[in-house]
There are 2 protein chains.
Amino acid sequence: MQKRCRQGQSWWQPKFQGRGYRMTVPRQVILEVLSGTEKHLSAEDIYLAVQKSYPHVGLTTVYRTLELLADMGVLFKFDFGDRRARYELAEEFQVKKGHHHHLVCTRCKRVIDYTEFIDQEKELLEKTERGLMEKYDFSIEKHLIQFYGTCGKCRKKTV
Amino acid sequence: MQKRCRQGQSWWQPKFQGRGYRMTVPRQVILEVLSGTEKHLSAEDIYLAVQKSYPHVGLTTVYRTLELLADMGVLFKFDFGDRRARYELAEEFQVKKGHHHHLVCTRCKRVIDYTEFIDQEKELLEKTERGLMEKYDFSIEKHLIQFYGTCGKCRKKTV
DNA sequence: ACTATTATTGAAAATGGTTTTCATTATCAA
DNA sequence: TTGATAATGAAAACCATTTTCAATAATAGT
Ligand SMILES: [Mn+2]
Ligand SMILES: [Mn+2]
Ligand SMILES: [Zn+2]
Ligand SMILES: [Zn+2]
C-alpha cells in the first residue's frame, strides 16, 4: 500500500488537513515512533521513545494523540490483558505487516502476529458480517480475533 | 432465594473441593447472580445484585471471587471497551446460551450475542488453531472473536 | 509578514476501576 | 469440637487514563 516517507513530507499530512486538525511536532514524532516499530507499544512506551528526541513532550499529549489517531483509523488500539492499552499502526500504513491477527500468551503477555489462514478467515468473516449486519441491523466496522494460550518458553518454565 | 438451604449448589461444588478452595456464602451468591442473567455484568453490577440479598458482602470479595472463577474457567472475562471488565458464565455452565461471539456497539456499548455461522467459524478456528500451535509452538486455550460497529438505535441518533 | 483565531499543549490534579493490606471471621478436615 | 488456614470486609493504595486550565503554537485571512 502506502510507503513511509523518509524526509520532510509525510503521508499522514493530508490526514490532518481539511478537518481543522493541525500537524504538530508531537504528533509527527509519535507517528514516527509507531512507524518505526513492529511491536505493540503502550502509551508509556511511546512516551519514553518520544522523550529521547523531544523531552518536552508530555504523557498527556501522547494519550490525546493516540486517541485521535485511533479515532481517525490511523492506528489500532488493543487490549492484550496486561491492563494497559497497546497500539499498532493500521495495516494500510504498516510497511511490513499486512492484515493479521494475534496470538497472546496469557503468562508473559507476549504477542505474536500471524497471517496464516487469514484469507480463509477473511472470507468467512465477510460472510458472517453480511449476515449479522442484516439480521441485527448493525453496521460492522471492524473485527477482532485473538487466540489466547501459552507460548513455548512459558510452557517449559512450569513443570 | 433464601438464607439457609441452598439447593442449586450442585454443579460448582466439586469445582471447589480438592484444591483447598472453600465454598462460601458470597461465592454461592455471586454464582447465583451470574447463573440468573443473560447479561454481561460488571463487578459492580454483580456487587449491587448480591447486596440485595446479602448486604454484608463487600466489593472486594466480588472482585476476588470473579478472578478465581475466571481462573477456574467457570466464567469468562471480557473487555467491551467501556473501561470495566464484564463477566459471563462459561458456555458449559450457561443454561440458554451455547458457544457464541459478540457484536459490540462502540457508541452505546450494547453487546449482542450471536450464534450465526458459529459452526463454520468453529471449523475454521480449529483448523487455524492446529496450524498455529504447531508453527509457533503455542498451546491455544481459547479464542476471542468480536465485531465492532454501530447498532441501529445509535445510527438513527446520529446528526 | 502580521495578526486574530483557536486547536493544541504540558503540568498538575482528579478520576475510577481494580488491587493490596491487614485484622477478623468462617470453613472444613481431623 | 477444634485447630489450621482460607476467605472476608473496610480502608487505603494503586495506577492507567482523563480532566482542568492557563499558556503556547499552528493555521487562515489580511
Ligand atoms: Mn499486531
Ligand atoms: Mn455473551
Ligand atoms: Zn509466554
Ligand atoms: Zn448502540
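Each chain gets a letter, A, B and so on, in the order the sequences are listed, and its residues count up from 1. Quick caveat: nothing in here was measured; it's all calculated off a predicted structure.
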Asks: Would you say that more than 12 heavy atoms from the other residues, nucleotides or ligands in this model lie under 6.0 Å from the NZ of A:K97, or not?
Replies: yes
Asks: Between A:R84 (CZ) and C:dG16 (P), how many Å, whole number?
Replies: 21 Å
Asks: When the distance from CG of B:L66 to P of C:dT18 is rounded to whole Å, what number comes out?
Replies: 9 Å
Asks: What is the separation between atom CE on B:M23 and atom C1' on D:dT8, rounded to the nearest whole Å?
Replies: 15 Å
Asks: Assuming nearest nucleotide by heavy-atom distance, tell me which of A:L59 and A:Y21 is located more 5' along DNA chain D.
Replies: A:L59
Asks: With no angle test and no hydrogens, is the base of C:dT8 tied to the side chain of A:R27 by a donor-acceptor pair under 3.5 Å?
Replies: no
Asks: Between A:G20 and A:T60, which is nearer to the 5' end of DNA chain C once each is assigned its nearest nucleotide?
Replies: A:G20
Asks: Without decimals, in angstroms, what is the distance between A:Y54 OH and D:dT24 C1'?
Replies: 17 Å
Asks: Checking side-chain polar atoms at under 3.5 Å, does B:T150 have a donor or acceptor matched by the opposite partner on A:E141?
Replies: yes
Asks: Please state how far atom CD in B:E67 lies from atom P in C:dT20, giving the value in whole angstrom units.
Replies: 8 Å
Asks: Just checking B:R22: base, sugar-phosphate only, or nothing, at a heavy-atom cut-off of under 4.0 Å?
Replies: base
Asks: List the steps and the verdict of side chain to side chain contact (heavy atoms under 4.5 Å, CB included) for A:L144 and B:F147.
Replies: CA-CA 6 Å; A:L144 173 72; B:F147 289 98; over 6 Å; no
Asks: Picking from D:dA26, D:dT27, C:dG10, which would you name as closest to the side chain of A:T24?
Replies: D:dA26
Asks: Checking side-chain polar atoms at under 3.5 Å, does A:H40 have a donor or acceptor matched by the opposite partner on A:D113?
Replies: yes
Asks: Quick one: does A:R83 reach the base of C:dG17 with a side-chain donor-acceptor pair under 3.5 Å?
Replies: no
Asks: Rounding to an integer number of Å, can you tell me how far B:L68 CG sits from C:dT18 C1'?
Replies: 16 Å
Asks: Mind calculating the distance between OH (A:Y87) and P (D:dA16) to the nearest angstrom?
Replies: 12 Å
Asks: Does B:Y63 have a side-chain nitrogen or oxygen under 4.0 Å from the phosphate oxygens OP1 or OP2 of C:dT19?
Replies: no
Asks: How close or far is atom P of D:dG9 from atom CZ of B:R64, stated in whole angstroms?
Replies: 8 Å
Asks: Take the angle between the ring planes of A:F78 and A:F80 and call it parallel below 30°, perpendicular above 60°, tilted in between.
Replies: parallel
Asks: Compare side-chain N and O positions of B:H56 against OP1 and OP2 of D:dG9 and report whether any pair is under 4.0 Å apart.
Replies: yes
